[in-house]
Amino acid sequence: MDFATKAIHVGQEADPATGATIVPIYQTSTYTQRAPGEHLGFDYSRTINPTRLALERCLASLENARFGLCFASGMAATAAALDLLSAGDHAVVTDDLYGGTFRLFDKVLRRDGLSFTYVDVSDPSSVAGALTDKTRMVWLETPTNPLMKLADIKAIAAICGPRGVLLAVDNTFATPFLQNPLDLGADIVVHSTTKYIGGHSDTVGGFTAANREDLHTAMKFHQNAVGAVPGPLDCFLTLRGVKTLAVRMREHERNAQAVAEFLAARTDVEQVYYPGLASHPQLELAKRQMRGFGGMLSFVPKGGVQRSRAIATKTKVFSLAESLGGVESLICHPVSMTHGSIPKEERDAHGLSDALLRLSVGIESERDLIADLTQALA
Ligand code: P1T
């Protein structure tokens with residue numbers, strides 16, 4: 001089955017109880033048993049819920065995964081994947097990543113005895129060079145948030161596999177429509193479904209996928225034991241959103257390419273970061289590894305942080321907000337918003353400028369988006 005068909009049908013057979021065509025919101029915490037321990041496979045909604053199960057099956061199919069698990073947020077999904085590690089273990093991590101992920105690693109998991117080394121994953125040899133005999137996981141975002149750097153998943157999987165190091169990929173920016181890390185050799189895929197998968201900025205959620213049953217079983221144990229599960233209504237909304245992921249991504253990409261080219265042509269813009277531009281140093285990898293370039297881009301206007309903040313305040317169609325991947329366009333000033341939890345020295349060290357602006361390019365009219373940026377840059 002092709003992607004667009006799977007998004008609409010997998011896990012979403014007519015409801016066995018009523019024939020409802022759309023998976024119902026099973027807003028129940030518990031299930032009546034015929035006799036103690038005798039039930040229809042559903043016993044308690046932290047453990048299993050039919051609306052969540054439908055979403056898990058659908059999203060797993062989109063990642064070509066045998067198994068999928070939904071969580072209350074992208075961070076909860078990330079925490080479940082990291083729970084595969086134990087005190088004393090080491091992970092190698094992309095040096096450019098979502099600020100909340102850095103905060104979880106640096107402020108929570110380090111306290112629990114894990115250690116992390118941050119490297120520029122656009123060069124696979126820097127990943128190889130950072131491995132130690134304690135390394136159990138490599139954690140990638142590709143493209144990265146917010147600098148849009150790519151990691152060669154296949155090349156890094158070839159480094160990790162023989163050493164028994166797990167490769168986890170946060171696929172939030174690319175979406176399963178554009179990239180399937182498991183097919184390229186990754187062991188675990190993580191998503192913030194809050195973003196493109198939900199697509200309408202009305203839910204917070206997360207997802208993990210794996211093909212290895214042992215990894216799935218361990219993350220499922222964590223899901224039930226810790227209990228950071230999404231409610232049935234959020235699962236319903238996410239499932240409704242994912243049905244249109246394919247059509248939305250095509251529009252996001254068309255608009256993002258146009259906006260990237262518009263910005264790149266301006267003399268008052270210093271740099272544009274978008275994998276679909278000829279100036280992106282990894283355009284060839286993007287073409288090889290992804291089926292498109294996505295809807296996210298970042299840029300550094302000339303004029304320093306003051307001008308950047310002014311631009312972010314002046315846009316009208318682009319809302320000044322955290323998050324991404326919804327149908328509406330958003331503008332963000334990462335260092336004062338999404339990436340504030342990364343210390344300035346670390347941001348400077350890996351090239352995250354204080355003046356950087358990030359755009360989540362929505363699916364409004366291209367003309368209106370470019371007119372909005374034109375007036376904000378003026
Ligand atoms: O917000 P939550 O659903 O918990 O997802 C966290 C997360 C994980 N991974 C990536 C790549 C992300 O971008 C995020 C969340 N990011 C934002 C809120 C943001 O504006 O960048």
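One-based numbering, in listed order, for ligands and for the atoms of each.
Surrounding CZ of Arg57 are at most 12 heavy atoms belonging to other residues, nucleotides or ligands under 6.0 Å away. Residue Leu233 qualifies as enclosed at atom CG: its count of foreign heavy atoms under 6.0 Å is above 12.
At a 4.0 Å heavy-atom cut-off, ligand 1 touches Lys195 through the side chain alone. When non-hydrogen atoms are compared, ligand 1 lies under 4.0 Å from neither the backbone nor the side chain of Met296. Here Thr78 has no heavy atoms under 4.0 Å from ligand 1, in either its backbone or its side chain.
In this structure, the protein non-hydrogen atom closest to atom 7 (C) of ligand 1 is Tyr98 CD2, 3.5 Å. Here the heavy atom of the protein found nearest to atom 2 (P) of ligand 1 is Gly74 N, 3.4 Å. Here the heavy atom of the protein found nearest to atom 21 (O) of ligand 1 is Arg358 NH1, 2.8 Å. The nearest heavy-atom contact from the protein to atom 3 (O) of ligand 1 is Thr194 OG1, 2.6 Å. Ranking the protein heavy atoms by distance from atom 11 (C) of ligand 1 puts Asp170 OD2, 3.3 Å first.
Checked for salt-bridge contact, Lys344 and Asp348 meet the test: a charged N lies under 4.0 Å from a carboxylate O.
Side chains of Gln257 and Glu253: no donor on one and acceptor on the other come within 3.5 Å.
With ligand atoms numbered from 1 in the order given, ligand 1 contributes 3 (O), 4 (O) to contacts under 4.0 Å with heavy atoms of Ser73. For ligand 1, the atoms sitting less than 4.0 Å from at least one non-hydrogen atom of Gly205 are 3 (O), numbered in the order shown with element in parentheses. Heavy-atom proximity to Glu141, at under 4.0 Å, picks out these atoms of ligand 1: 11 (C). Proximity to Asn145 (heavy-atom distance under 4.0 Å) selects the following atoms of ligand 1: 13 (O), 21 (O).
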| task | Run the numbers on Arg254 and Glu251 for salt bridge (charged side-chain N to carboxylate O under 4.0 Å, His left out), then give the verdict. | result | CA-CA 5 Å; Arg254 210 167 49 80; Glu251 290 296 300; 2.9 Å; yes
| field | Steps toward side-chain contact (heavy atoms from CB on, under 4.5 Å) verdict (His90, Arg136) | value | CA-CA 6 Å; His90 170 251; Arg136 289 228 27 233; over 6 Å; no
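Considering backbone and side-chain N/O of Ser192, one or more are found under 3.5 Å from N/O of ligand 1. When only interatomic distances are considered, the shortest N/O to N/O separation between Met75 and ligand 1 falls below 3.5 Å.
At a 4.0 Å cut-off, not a single heavy atom of Cys332 sits close enough to ligand 1 to count as contact. Heavy-atom distances between Met337 and ligand 1 stay at or above 4.0 Å for every pair. For Ser323, the heavy-atom gap to ligand 1 drops under 4.0 angstrom.
Nearest approach of Ile370 to Ala258, heavy atoms of both residues: CD1-O, 4.0 Å.
The backbone N or O of Gly303 sits nowhere less than 3.5 Å from a side-chain atom of Arg307 that would complete a donor-acceptor pair. Under the 3.5 Å distance criterion, the side-chain polar atoms of Ser73 are matched with a main-chain donor or acceptor of Ala76.
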Considering only distance and modelled atom types, tabulate donor-acceptor pairs under 3.5 Å from the side chains of residues 146-168, sequence neighbours left out.
residue: Lys149; atom: NZ; partner: Asp95; partner atom: OD1; Å: 3.0
residue: Lys149; atom: NZ; partner: Asp120; partner atom: OD1; Å: 3.4
residue: Asp152; atom: OD1; partner: Lys154; partner atom: N; Å: 3.3
residue: Asp152; atom: OD1; partner: Ala155; partner atom: N; Å: 3.1
residue: Asp152; atom: OD2; partner: Arg288; partner atom: NH2; Å: 3.2
residue: Arg163; atom: NH1; partner: Ile159; partner atom: O; Å: 2.8

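Aromatic pair Tyr196/Phe173: centroids not less than 6.0 angstrom apart.
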